[in-house]
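Have a look at the structure below before the remarks.
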2 protein chains.
Amino acid sequence: MSPRPSAGDRPGSGRRVPDATVARLPIYLRALFDVSDRERTVSSERLAALAGVNAAKVRKDLSYLGSYGTRGVGYEVEYLLFQISRELGLTRDWPVAIVGVGNLGQALANYDGFSARGFRIVALVDADPAKVGTVVAGHPVTHIDDLPALVESAGIAIAVIATPAEVAQDVADRLAEAGVRSILNFAPAVIAVPPDVTVRKVDLAVELQILGFYQQRDGTHPGVGQKASG
Amino acid sequence: MSPRPSAGDRPGSGRRVPDATVARLPIYLRALFDVSDRERTVSSERLAALAGVNAAKVRKDLSYLGSYGTRGVGYEVEYLLFQISRELGLTRDWPVAIVGVGNLGQALANYDGFSARGFRIVALVDADPAKVGTVVAGHPVTHIDDLPALVESAGIAIAVIATPAEVAQDVADRLAEAGVRSILNFAPAVIAVPPDVTVRKVDLAVELQILGFYQQRDGTHPGVGQKASG
DNA sequence: CACTGTGAAGAAATTCACAGCT
DNA sequence: AGCTGTGAATTTCTTCACAGTG
């Protein structure tokens, strides 16, 4: 019996959720969504199987959000979906801009997964005059010089960089300057940003190289399920 | 035979390199490549700045590969490039197949980063008869039923899944059956594979959701540089 | 001296194991 | 009984700090 000074039950803003847990919440969300029309509750064991992790991890992760399960029963799918969505900020709408309308940018613009949950692509941006004015995936392409006005008027807080590596830093500078606070960077370059801007990097080639390592070594890979980004 | 059960000193790529280190080696590789035509040596401090990590981590990471630096001087760029490439298995050629020739599959097929280092896209595969026979990014699209023959003849060990989520598991089954040992999964689904197959998952929407979390919370993000996948 | 390489300390993440609720 | 929630143990990763070397 140790009346530890607990983190406090303040849903919405308070509790500190470990980074590793944050990175898994979207996985749980998807798994829950997939079974939401078939199952009313899930056990940590079941959710673990769906998400490709182990049950103890699921329970620990979810415990950071609060006590949303019922002992002897499990977690109510709909309720948990809502709680995780809320924790991830998906109950509100996030206007997103994609900078760089090349192959990748277009693929991203057409990717349903983005618009699916909370993220709404509101602008495509490019520096190429030939592309500006054309319509891709239902969105007119805007010139990058109009970024500040765009960010302001559409309330864009999150942007995706899908440009060549050479211009990624310049784009990041412009985005930060325009007021964008979070950047998802697909360009194969490390970019520097002010401390109040968050960057996440996804490098397609890096993922292959990591696979290559385990493949050449002996075919052994870390963990039982798949390694997701985090 | 070997007195030590696992983690022995295998010939070719010796000591046990931690997963976290493996995930960073491609970043160092890219950074080194970027400066290779301008600088002959780099210090751990310099490389750290280029890669967006701290110097102690660079030294520790590189120490797992061997003692490739020179005290008082730093690391010779070319030599380190070679050593990391070798560790990642990039000195050999990896034939890669992309399954799913939708927007994302096409973007990946056109992505230079893949072919840039060791990975050579040798086949595009789809189930849609309308796509089979067409040419995308210089590669004819093959029907998925021909996968076993293709894997066999081209010596494909690594494949990329860029299909809708619904068919990802079926594709994974076929890939494993055909003899593919490593899979990079872009489909938003957790897939099950035999234990001798490695899966890495990249989920574009998940990355945005993680950003969303930190954005809504208070704009604070983990670490100083960008969080890469790993 | 300048910088690497590395034990050791510290922090974070994972897993165990079981008390406690329904 | 069944399953969650969580302290505690364990493992992994990061950072420190400095001995050692070109």
Side-chain angles (χ1 to χ4, degrees), chain A residues 1-9 15-25 27-28 39-49 51-77 79-80 83-84 221-225 227-230, chain B residues 6-7 14-25 27-28 39-49 51-77 79-80 83 210 221-225 227-230:
Chain A
M1 50 159 27
S2 41
R4 283 185 84 255
S6 87
D9 273 82
R15 224 180 259 83
R16 152 145 171 94
V17 182
D19 295 339
T21 294
V22 172
R24 279 187 298 265
L25 291 180
I27 313 289
Y28 300 148
E39 302 171 32
R40 236 184 67 80
T41 63
V42 284
S43 64
S44 59
E45 202 76 51
R46 174 94 177 100
L47 182 50
V53 302
N54 78 19
K57 201 179 279 180
V58 167
R59 291 200 299 277
K60 187 60 114 184
D61 283 343
L62 296 183
S63 78
Y64 291 116
L65 310 191
S67 293
Y68 296 143
T70 306
R71 288 162 201 244
V73 178
Y75 304 87
E76 201 196 326
V77 175
Y79 187 55
L80 195 52
Q83 293 298 348
I84 295 179
H221 54 288
V224 177
K227 193 86 183 180
S229 53
Chain B
S6 63
R15 25 193 115 35
R16 192 196 109 74
V17 183
D19 295 339
T21 294
V22 172
R24 280 187 297 266
L25 291 180
I27 314 288
Y28 300 148
E39 302 170 32
R40 237 184 67 80
T41 63
V42 285
S43 64
S44 60
E45 202 78 52
R46 174 94 177 99
L47 181 50
V53 302
N54 79 16
K57 201 180 278 181
V58 167
R59 291 201 300 278
K60 188 58 114 186
D61 283 342
L62 296 183
S63 78
Y64 291 117
L65 311 190
S67 293
Y68 296 144
T70 306
R71 287 161 202 247
V73 178
Y75 303 88
E76 201 197 326
V77 175
Y79 186 56
L80 194 51
Q83 293 298 346
I210 294 173
H221 55 288
V224 177
K227 195 83 182 180
S229 55

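Throughout, protein chains are lettered first and strands after them, A, B, ... in sequence-line order, and every chain is numbered starting at 1. Because only heavy atoms are used, hydrogens play no part in the values below, and waters and symmetry mates are left out as well, while side chains stay in.
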Quickly work out the [X] [atom1] to [N] [atom2] distance and round it to whole Å.
X       : N      : atom1 : atom2 : answer
B:Leu65 : C:dG5  : CG    : P     : 10 Å
B:Asp19 : D:dT11 : CG    : P     : 16 Å
A:Tyr64 : C:dA13 : OH    : P     : 8 Å
B:Glu45 : D:dT15 : CD    : C1'   : 13 Å
A:Lys57 : D:dT12 : NZ    : P     : 12 Å
A:Leu62 : C:dA13 : CG    : C1'   : 16 Å
A:Tyr28 : D:dT4  : OH    : P     : 13 Å
A:Asp61 : C:dA12 : CG    : P     : 16 Å

Checking side chain to side chain contact (heavy atoms under 4.5 Å, CB included) for the pair A:Leu65/A:Leu25: CA distance, chi angles, key distance, verdict?
CA-CA 10 Å; A:Leu65 310 191; A:Leu25 291 180; 4.0 Å; yes
Of all the choices, [options], which nucleotide is nearest to the side chain of [X] once you look at every atom?
X       : options               : result
B:Arg59 : C:dA8, D:dA17, C:dT22 : D:dA17
B:Tyr75 : C:dT4, D:dC3, C:dT15  : C:dT4
A:Ser63 : D:dT6, C:dT14, D:dC13 : D:dT6
A:Ala20 : C:dG5, C:dC21, C:dT14 : C:dT14
B:Ala56 : D:dC13, D:dT15, C:dT4 : D:dT15
A:Ser43 : D:dC3, D:dC13, D:dT15 : D:dC3
A:Lys60 : D:dA8, C:dC3, C:dA13  : D:dA8

B:Glu76, CD: over 12 other non-hydrogen atoms inside 6.0 angstrom:
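Yes, the 6.0 Å shell around CD holds more than 12 heavy atoms from other groups.
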Establish whether the base of D:dT4 is bridged to the side chain of A:Arg71 by a donor-acceptor pair shorter than 3.5 Å.
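Present.
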DNA chain C: 5'-proximal contact among B:Gly72 and A:Pro18 (nearest heavy atom):
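Nearer the 5' end of the strand: B:Gly72.
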A:Asp19 vs B:Ile210, test: side chain to side chain contact (heavy atoms under 4.5 Å, CB included). Steps then yes/no.
CA-CA 9 Å; A:Asp19 295 339; B:Ile210 294 173; over 6 Å; no
Is A:Arg24 touching bases, backbone alone, or none of the nucleic acid, heavy atoms closer than 4.0 Å?
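Sugar-phosphate, no base atom in range.
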Is the phosphate of C:dC3 approached by B:Ser44 (side-chain N or O, under 4.0 Å from OP1 or OP2)?
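The answer is no; no side-chain N or O of B:Ser44 sits under 4.0 Å from OP1 or OP2.
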Counting just side-chain N and O atoms, does B:Asn54 come under 4.0 Å of either OP1 or OP2 of D:dT14?
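B:Asn54 to D:dT14 OP1/OP2: no side-chain N or O under 4.0 Å.
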Testing the basics here: between A:Arg24 and A:Val53, what is the closest heavy-atom pair and its distance to 0.1 Å?
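Here A:Arg24 and A:Val53 meet closest at CD-CG1, 4.2 Å.
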Kindly give the heavy-atom pair with the smallest separation between A:Tyr75 and A:Gly69, and that separation in Å.
CD2-CA, 3.4 Å
